[in-house]
Protein chains: 2
Amino acid sequence: MGCVTMYAETLVAHSEFGGEALRLSTRGRYGVKAMFELAMNHGRGPIPLKEIADRQGLSEHYLEQLVAPLRKAGLVKSVRGAHGGYMLNKDPASISVGDIIRVLEGPIAPTDCVADEHDAVEHCGRAAGCMARSVWAKVRDSITEVVDSITLADLCEEARKSGDKNYMYYI
Amino acid sequence: MGCVTMYAETLVAHSEFGGEALRLSTRGRYGVKAMFELAMNHGRGPIPLKEIADRQGLSEHYLEQLVAPLRKAGLVKSVRGAHGGYMLNKDPASISVGDIIRVLEGPIAPTDCVADEHDAVEHCGRAAGCMARSVWAKVRDSITEVVDSITLADLCEEARKSGDKNYMYYI
DNA sequence: TCTAAAGCCGAGCATATCCATGGGAATGGT
DNA sequence: ACCATTCCCATGGATATGCTCGGCTTTAGA
């Protein structure tokens, strides 16, 4: 009864052709889900991954692989042993969705040539007069603005405001 | 001297870890490059893919696979046989970067659950109260706004305004 | 009518992604 | 002292994706 569905998203079949453009991989998506769970339980001690995996319908072992870099980046801390688990290492208001995505998927950028301002020329050798590059830079900036402006605290507030008792099963 | 570099981008090695988040694949990137070339030569008859491939440093065979869906979508038309090639099927001002990306990579969406408004619930069964979904929808909208607001005519104007005689080698 | 230029088509390889498996090390309760 | 729980780490495999390659069809011009 405590578990809603197992591996809900894993079973989703992709559409016949190609998938989507500018897609976020499961690393970023599941990472945000997990961090949201930790944020909702902030201040209540460590939460085991098994709990998160069950609630979100994700693989516990896969989650372990995602939480490892989040720990190394200082976003979460762990408590080993029985009754252990993970908890946020910062205030939910000071962790943005962008922070999580960058740790798990690398710099936010539609192309290599706008991933890092400094070595753009090295990527295609044409950066100076490249028309497309300005487009990709605008795309990057607009994405960054959105994901950096939304914090875990914002998501928690939204969830609580929605009044849905099952908020913990969502996201 | 007419050819700048062969397969310039293909040779670029990826960084050691993970690459970038919300990345555009080569389909969309090369597609925009090719369409820009066609737009710069709009009204001058068919342009062979070999010419575009040489100028942009791309694989001709791979370009063929990208142009096929663009033709089926009615964005370009082809002339077979000797002295044949491709040309735009619309005015450059009425083809946006977003149009090209959608044809080559599918709907612009960071996740399945915001690719199509209608069947969102089917994807994860939690759409109603999903906090993350609103984030992904905002990301999608901000990307869409940028790429739909930039047309091939805009890129051509920029290129010509830059005064760079080698504009054709860029993008 | 022959030939070269060009578009068209399908198969195949290489790599990345997603996730599973099998263990080890640390900790708290009994 | 033991055991269950939990984090931690390394490897492997199935699938999807990105890209290349070879061969066929159509057409203009000599």
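In what follows, chains are A, B, ... by sequence order, proteins preceding strands, each numbered from 1.
Contact annotation: Ser59(A) reaches the phosphate of dA20(C) (side-chain N/O to OP1 or OP2, under 4.0 Å). Tyr30(A) has a side-chain polar atom (N or O) that falls below the 4.0 Å cut-off from OP1 or OP2 of dC19(C). Of the side-chain N and O atoms in Thr26(A), one or more sit less than 4.0 angstrom from OP1 or OP2 of dC19(C).
Looking at Arg23(A) and Arg29(A), their side chains come closer than 4.5 Å, going by heavy atoms from C-beta outward. In this structure, Glu37(B) and Ile47(B) have side chains that are not in contact, with every pair of non-hydrogen atoms separated by 4.5 Å or more. A 4.5 Å side-chain heavy-atom check between Leu66(B) and Leu104(B) finds at least one atom pair inside the cut-off.
Rounding to whole angstrom units, OH of residue Tyr62(B) and P of dC13(C) are separated by 18 Å. Straight-line distance from the CZ atom of Arg23(B) to the C1' atom of dT15(C): 13 Å, rounded to whole Å. Following rounding to the nearest Å, Leu66(B) (CG) and dT17(D) (P) show an atom-to-atom distance of 15 Å. In this entry the distance linking CG of Asp112(A) with C1' of dG18(D) reads 14 Å, nearest Å. Separating the CG atom of Leu38(B) from the C1' atom of dG7(C) is a distance of 14 Å, rounded to the nearest angstrom. In this entry the distance linking CZ of Arg27(B) with P of dA16(D) reads 16 Å, nearest Å. Straight-line distance from the CD1 atom of Ile52(B) to the C1' atom of dA6(C): 13 Å, rounded to whole Å. For Leu104(B) and dT17(D), the CG to P distance is 15 Å, given to the nearest whole Å.
Taken from OG1 in Thr111(B) to CZ in Arg133(B), the straight-line distance is 7.5 Å, to the nearest 0.5 Å.
For Glu51(B), the salt bridge (charged side-chain N to carboxylate O under 4.0 Å, His left out) partners are Arg55(B), not counting sequence neighbours. Contacts of Thr151(B) classified as side chain to side chain donor-acceptor pair (under 3.5 Å), with partners at least two apart in sequence or in another chain: Asp154(B).
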- Query: When you check every protein heavy atom under 4.0 Å of nucleotides 5-15 of chain D, what one-letter string (B, S, -) results, 5' to 3'?
  - Reply: BBBBB------

- Starting at the 5' end of DNA chain D, what dot-bracket string do you get if Watson-Crick and G-U pairs under 3.5 Å are bracketed, crossing pairs use [ ], other-strand pairs use | and unpaired bases use dots? ||||||||||||||||||||||||||||||

List the atom pairs, with distances to 0.1 Å, where a side-chain N or O of residues 75-102 of chain A and a protein N or O form a donor-acceptor pair under 3.5 Å, not counting sequence neighbours.
unit_1	atom_1	unit_2	atom_2	d
Asn89(A)	ND2	Gly74(A)	O	3.1
Asp91(A)	OD2	Ala93(A)	N	3.0
Ser94(A)	OG	Asp91(A)	O	2.9
Ser96(A)	OG	Gly98(A)	N	3.3
Ser96(A)	OG	Asp99(A)	N	3.1
Ser96(A)	OG	Asp99(A)	OD1	3.4
Ser96(A)	OG	Asp99(A)	OD2	3.2
Asp99(A)	OD2	Ser96(A)	N	2.9
Arg102(A)	NH2	Asp148(A)	OD1	2.3
Arg102(A)	NH2	Asp148(A)	OD2	3.0

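Between Glu157(A) and Arg160(A) there is no salt bridge, since no side-chain N of the basic residue sits under 4.0 Å from a carboxylate O of the acidic one.
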- Kindly indicate, with the supporting measurements, whether the criterion side chain to side chain contact (heavy atoms under 4.5 Å, CB included) is fulfilled by Glu105(B) and Ser25(B). CA-CA 8 Å; Glu105(B) 306 213 31; Ser25(B) 83; 3.2 Å; yes

